There are 2 protein chains.
Amino acid sequence: MPKRVDHAERRRQIADALLRTAATRGLHATGMREVAAAAGVSLRLVQYYFGTKEQLLLAAMQHLLARFGERAMARARLGQAGRSGGPAGPHDIIAAILTEALPADEERRTFAILSTAYLALSLTDPALAIAPLVKNTGSVIDVVAGQLRAAQHAGDTPAGLDPDLEALGLLAIAAGLSTSVLSGNSSVDQAQAVIDYQLDRLFPASR
Amino acid sequence: MPKRVDHAERRRQIADALLRTAATRGLHATGMREVAAAAGVSLRLVQYYFGTKEQLLLAAMQHLLARFGERAMARARLGQAGRSGGPAGPHDIIAAILTEALPADEERRTFAILSTAYLALSLTDPALAIAPLVKNTGSVIDVVAGQLRAAQHAGDTPAGLDPDLEALGLLAIAAGLSTSVLSGNSSVDQAQAVIDYQLDRLFPASR
DNA sequence: AGTTTGATGATACGCTTGTACCATAATGAA
DNA sequence: TTCATTATGGTACAAGCGTATCATCAAACT
């Protein structure tokens, strides 16, 4: 048998190149040749590791979402470390998720742009319809709702509100603010203020 | 001079065809030939009335936004007529705008899909960067903020809150819920419930 | 009545796209 | 060493795109 190479690493490298290029040139306008050039490999290699463009798009999106999850978790740990000694609480976790969705630095801006582009594509392209983005968003909603329930049991949050509805609302706000910042209709600070305001409403004690 | 034809009408007809096609096939994937076929005219005519594709896109988007504004105003009048005799108040106007942004029927769904697609395009395509969508969204925010201010002066809304920040938050929620419904992460009823909840928070008396 | 000019049709061109195909260097097992 | 298989490169192809060009029909003004 011939030369063995780390396929996972190569796929990650190429997927990264796709994300990098698509963030500036647009997801739909990014061709396989461009990805190959950005990754420093030949067009043939992109085909070899991903076959079709659709599979490349799907893999790249899963990669993007995975990185988002990691950053959100890291941010939750960071937010918790700054105040208490115990594990990250509901408020920290939810705040971390919402803040991570805001395009405040280049990495998050890239995520926001690509999420929007991918959503737009998946709305009309039947091949992307069973999108990883939708599934991922759904599980994030579940996480937030779960944290809200935990906070309710702990008495940190009003018992009257509906955790699922509040979770949906929070993520909708985060998504909406993200596009608002992206399109220049609001500043990052304004968006953060709206998030803080809604969090204060849900966690009255943490003020 | 030769046959005179209503240019505005023709342009509207072609722009409508673009919107209709792009709502199902995707904005980026809709070509000029497809638009021509959908409008029942020749490719040459599309070129004649719009010149380049970019101008067609811009004109179609302005048309889409204009129709959205008209529907929102009609909805505001409708909401007001059901309850009082006077002119539509701040609550009715804001509720109408937020509800109109929700993809509850085919027309609003088309609007939501195309807004998303156009936003995604304008984020990376420098030619669409000075987008009518951004400008329009900004003026809608101003309208909402103005209505909130009026409600504050009338005592219908807590005096403590920041009208601009609340307007930004409301439209972010509407936009976020719209994408949430589009991607199947929530039902229209859930989204409407979130909107009603936020409106009740701002207009305690109208409950 | 004629002619100028706006409105429309048909078609060709250059470019880019995704994909497929053919070739070959390199390497672990026999 | 030989061989079979993985990994890689180069290139060709058909289709689609936006745009430009050439040609024609029809009506309003002189």
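We use all heavy atoms of the structure for the numbers below, so side chains are in, but hydrogens, waters and symmetry mates are not. Within every chain, numbering begins at 1; the chains are lettered A, B, ... in the order of the sequence lines, protein sequences first and strands thereafter. Quick caveat: nothing in here was measured; it's all calculated off a predicted structure.
Scored by the side-chain hydrogen bond (donor to acceptor under 3.5 Å, both in side chains) test, Q198(B) finds Q198(A), R201(B) as partners (sequence neighbours excluded). R12(A) pairs by the side-chain hydrogen bond (donor to acceptor under 3.5 Å, both in side chains) definition with E9(A), not counting sequence neighbours. The side-chain hydrogen bond (donor to acceptor under 3.5 Å, both in side chains) search around D16(B) returns R67(B), not counting sequence neighbours. Judged as a side-chain hydrogen bond (donor to acceptor under 3.5 Å, both in side chains), and not counting sequence neighbours, R44(B) has no contacts.
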Worked check of side chain to side chain contact (heavy atoms under 4.5 Å, CB included) between R33(A) and V46(A): CA-CA 8 Å; R33(A) 292 166 224 274; V46(A) 181; over 6 Å; no

Passes side-chain hydrogen bond (donor to acceptor under 3.5 Å, both in side chains), Q13(A) versus R10(A)? Steps please. CA-CA 5 Å; Q13(A) 168 192 0; R10(A) 265 253 192 283; 3.2 Å; yes

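For DNA chain D, none of the residues of residues 11-28 of chain B falls under the heavy-atom distance limit of 4.0 Å. Taken residue by residue, residues 44-53 of chain B places heavy atoms nearer than 4.0 Å to DNA chain C at R44(B), L45(B), Y48(B), Y49(B).
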Donor-acceptor list for residues 95-106 of chain B side chains, cut-off 3.5 Å, not counting sequence neighbours:
from    : atom 1 : to      : atom 2 : distance (Å)
T99(B)  : OG1    : A95(B)  : O      : 2.8
E100(B) : OE1    : R75(B)  : NE     : 2.6
E100(B) : OE1    : R75(B)  : NH2    : 3.2
E100(B) : OE2    : R71(B)  : NE     : 2.7
D105(B) : OD1    : E107(B) : N      : 3.3
D105(B) : OD1    : R108(B) : N      : 2.9
D105(B) : OD1    : R108(B) : NE     : 3.4
D105(B) : OD2    : R108(B) : NE     : 3.3
D105(B) : OD2    : R108(B) : NH2    : 3.3

Donor-acceptor contacts under 3.5 Å from residues 128-148 of chain A side chains, at least two apart:
from    : atom 1 : to      : atom 2 : distance (Å)
T137(A) : OG1    : L133(A) : O      : 2.8
S139(A) : OG     : N136(A) : O      : 2.7

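Spacing between atom CZ of R10(B) and atom C1' of dT8(C) amounts to 9 Å, rounded to whole angstrom units. The nearest whole Å value for the distance from the CG atom in L43(B) to the C1' atom in dG18(D) is 9 Å. Atom pair M32(B):CE and dA10(C):P shows a separation of 17 Å (rounding to whole Å applied). Spacing between atom CG of D6(B) and atom P of dA7(C) amounts to 11 Å, rounded to whole angstrom units.
Evaluation of the side chain to side chain donor-acceptor pair (under 3.5 Å) test over residues 115-127 of chain B, restricted to residues two or more places apart or in two chains, returns none. Residue pairs satisfying the side chain to side chain donor-acceptor pair (under 3.5 Å) criterion with at least one member in residues 169-185 of chain A, sequence neighbours excluded, are listed as follows: S180(A)-S186(A), S183(A)-N185(A). Within the structure, every pair that satisfies the ring-ring contact (aromatic ring centres under 6.0 Å, His included) test and touches residues 36-77 of chain A, not counting sequence neighbours, is listed here: H7(A)-Y49(A), F68(A)-F111(A).
The base of dG18(D) lies close enough to the side chain of R33(B) for a donor and an acceptor atom to sit less than 3.5 Å apart.
Direction change of the helix axis from one end of the helix from dA1(C)-dT30(D) to dA30(C)-dT1(D) to the other is 10°, with five pairs defining each end axis (rounded to 10°).
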